[in-house]
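Given the structure is predicted, the values throughout are model-derived calculations rather than measurements. Letters A, B, ... are given to chains in the order of the sequence lines, protein chains preceding strands, and every chain is numbered from 1.
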2 protein chains.
Amino acid sequence: MPTRTAAEVRAEARQEYDAYLATCPARRLLDRISDKWVSLLLSALADGPMRYGDLARRVAGVSQKMLTQTLRALERDGLVSRTVTPTVPIRVDYELTPLGETLLPVMRAVKDWAEQHIEAVDAARESYDSRADA
Amino acid sequence: MPTRTAAEVRAEARQEYDAYLATCPARRLLDRISDKWVSLLLSALADGPMRYGDLARRVAGVSQKMLTQTLRALERDGLVSRTVTPTVPIRVDYELTPLGETLLPVMRAVKDWAEQHIEAVDAARESYDSRADA
DNA sequence: CAGTATCCCTCATGATACTG
DNA sequence: CAGTATCATGAGGGATACTG
């Protein structure tokens with residue numbers, strides 16, 4: 001009789017794995033940029049600084065909660081800067097940091113692959129589905 | 001009195017937005033590669049074909065459900081090929097397709113950015129948190 | 001060996017309402 | 001204007017058990 005069951009061994013492997021994912025740089029970057037709203041906000045900010053309300057309008061469909069939450073995360077990671085002007089009414093500007101700007105080429109690489117190969121993916125998908133339907 | 005409330009307008013914007021996201025090539029690629037297990041499987045397969053059980057061991061921590069589900073999705077998208085050898089016991093090999101291999105440079109670009117800039121991100125995060133804690 | 005089927009539960013997101 | 005707080009839901013993912 002083993003000291004640990006197969007399930008226990010796998011559970012432990014998963015924990016180690018999660019710990020690895022939490023520290024793996026590439027994984028962390030993927031998690032960050034693949035967030036639903038991040039790429040939209042970054043590309044909106046690529047054109048220059050924007051106010052909170054401008055972003056809300058530009059990225060129509062985002063809730064206040066997610067807009068704030070996403071911007072805070074980007075600010076925390078040093079990718080976006082937040083500037084408060086304590087006028088009345090208050091004014092807050094968001095802007096890409098130099099670090100944030102270095103991310104744009106990576107986003108572009110993703111976009112380029114997608115635009116070049118998405119048709120092949122769609123064709124493969126259609127082919128797969130037609131086989132499955134048969 | 002407006003025909004549509006602000007909430008209705010936003011709800012409609014979200015729908016249009018979701019439709020846009022569903023077709024946007026770059027978005028779809030991001031969704032695909034940022035899936036929790038995809039990058040692991042792709043890099044495992046980058047070294048050559050692997051059997052189902054090999055992948056399960058190599059990517060320790062993945063459940064059978066997610067392993068199968070992820071492989072099926074990759075196969076459907078034409079990124080991975082699945083070859084069944086109906087011996088007893090059955091044997092199934094997975095392998096990157098040529099299309100799947102074109103994805104590796106993109107993954108490398110992500111990895112390179114991460115390795116070059118992750119320290120800056122960590123520093124920003126620490127700085128942000130120490131401010132917040134104050 | 002390589003899956004499929006089922007249940008369950010957490011977490012992320014969104015809607016809504018309120019505030020400095 | 002630019003948020004914060006609270007609540008609800010639903011989809012993703014895991015554990016477990018079963019199968020060709």
Side-chain angles (χ1 to χ4, degrees), chain A residues 4-18 21-22 31-32 34-38 40-41 49-75 80-95 132, chain B residues 4-18 21-22 31-32 34-38 40-41 49-75 80-95 132:
Chain A
R4 302 181 308 169
T5 66
E8 285 168 345
V9 171
R10 193 167 60 247
E12 188 174 310
R14 269 208 69 254
Q15 282 202 330
E16 283 172 25
Y17 192 72
D18 285 347
L21 286 187
D31 284 345
R32 169 65 52 248
S34 66
D35 182 277
K36 186 173 180 183
W37 303 108
V38 164
L40 278 299
L41 290 179
M50 293 188 79
R51 298 181 58 174
Y52 182 90
D54 293 334
L55 284 169
R57 273 181 294 276
R58 171 89 169 251
V59 183
V62 67
S63 63
Q64 275 192 315
K65 176 180 175 180
M66 291 317 295
L67 179 54
T68 300
Q69 185 173 307
T70 306
L71 286 169
R72 286 287 190 283
L74 291 173
E75 185 197 1
V80 160
S81 68
R82 176 171 179 270
T83 311
V84 180
T85 312
T87 50
V88 177
I90 197 174
R91 171 190 179 120
V92 180
D93 285 275
Y94 290 93
E95 185 176 10
Chain B
R4 302 182 307 169
T5 65
E8 285 167 346
V9 170
R10 193 167 59 244
E12 188 175 309
R14 269 208 70 253
Q15 281 201 330
E16 283 172 25
Y17 191 74
D18 286 345
L21 287 187
D31 285 344
R32 168 66 51 248
S34 66
D35 182 277
K36 186 173 180 183
W37 303 108
V38 163
L40 279 299
L41 290 179
M50 294 188 80
R51 299 181 58 173
Y52 182 90
D54 293 335
L55 284 169
R57 273 181 293 277
R58 171 89 170 253
V59 184
V62 68
S63 63
Q64 276 192 316
K65 176 182 174 179
M66 291 318 295
L67 180 54
T68 299
Q69 184 173 308
T70 306
L71 286 169
R72 285 288 189 284
L74 291 173
E75 186 197 1
V80 161
S81 68
R82 175 171 179 269
T83 310
V84 180
T85 311
T87 49
V88 177
I90 196 173
R91 171 190 179 120
V92 181
D93 285 275
Y94 290 92
E95 184 176 11

Compare the minimum distances between each of C:dG3, D:dG3, D:dG13 and the side chain of B:Tyr52, then state the nucleotide with the smallest one. C:dG3

Can you tell me how far P of C:dG3 sits from CZ of B:Arg91, to the nearest Å? 13 Å

In whole Å, I'd like the distance from the CG atom of B:Asp35 to the C1' atom of D:dG14. 14 Å

Looking at A:Arg51, I'd like to know whether one of its side-chain N or O atoms comes within less than 4.0 Å of OP1 or OP2 on D:dC1. no

Could you report the tightest heavy-atom contact between B:Met50 and B:Asp54, atom names first, then the distance? CE-CB, 3.6 Å

Is any side-chain heavy atom of A:Val62 closer than 4.5 Å to one of A:Lys36? no

Give the rounded distance in Å between these two atoms: CD of A:Glu75 and P of D:dG3. 9 Å

In whole angstroms, the gap separating P of C:dT19 from NZ of A:Lys65 amounts to 19 Å

Any A:Leu40 side-chain heavy atom under 4.5 Å of A:Arg58 side chain: no

Rounded to whole angstroms, how far apart are CE on A:Met66 and C1' on D:dA2? 17 Å

Choose from C:dC1, C:dG20, C:dG3 the nucleotide whose nearest atom is closest to any side-chain atom of A:Ile90. C:dG20

Below 4.0 Å: OP1/OP2 of C:dG3 and any side-chain N or O of B:Arg72: yes

Take A:Asp18 and A:Pro89, find for each the nucleotide of DNA chain D with the closest heavy atom, and name the residue whose nucleotide sits nearer the 5' end. A:Pro89

Is any side-chain N or O of B:Arg57 closer than 4.0 Å to OP1 or OP2 of C:dA2? no

Side chain of B:Ser63: nearest nucleotide among D:dG3, D:dG14, C:dC1? D:dG14

B:Gln64 CD - C:dT4 P separation (whole Å): 10 Å

Taking only N and O in the side chain of B:Tyr94, is any of them less than 4.0 Å away from OP1 or OP2 of C:dG3? yes

B:Leu55 atom CG is separated from C:dG3 atom C1', nearest whole Å, by 14 Å

Taking pairing as Watson-Crick or G-U wobble with both contacts under 3.5 Å, can you name the mate of C:dG20, or confirm there isn't one? D:dC1

Separation of atom NZ in B:Lys36 from atom C1' in D:dA11, rounded to whole Å: 15 Å

side-chain N/O B:Trp37 vs D:dG12 OP1/OP2, d < 4.0 Å: no

Report yes if the side chains of A:Gln64 and A:Tyr52 come closer than 4.5 Å at any heavy-atom pair, otherwise no. yes

Using the side-chain contact (heavy atoms from CB on, under 4.5 Å) rule, take B:Val59 and B:Leu41 through it: C-alpha gap first, then chi angles, then the decisive distance, then the call. CA-CA 7 Å; B:Val59 184; B:Leu41 290 179; 3.9 Å; yes

Options C:dG3, D:dA2, D:dG13, nucleotide nearest the side-chain atoms of B:Gln69: D:dG13

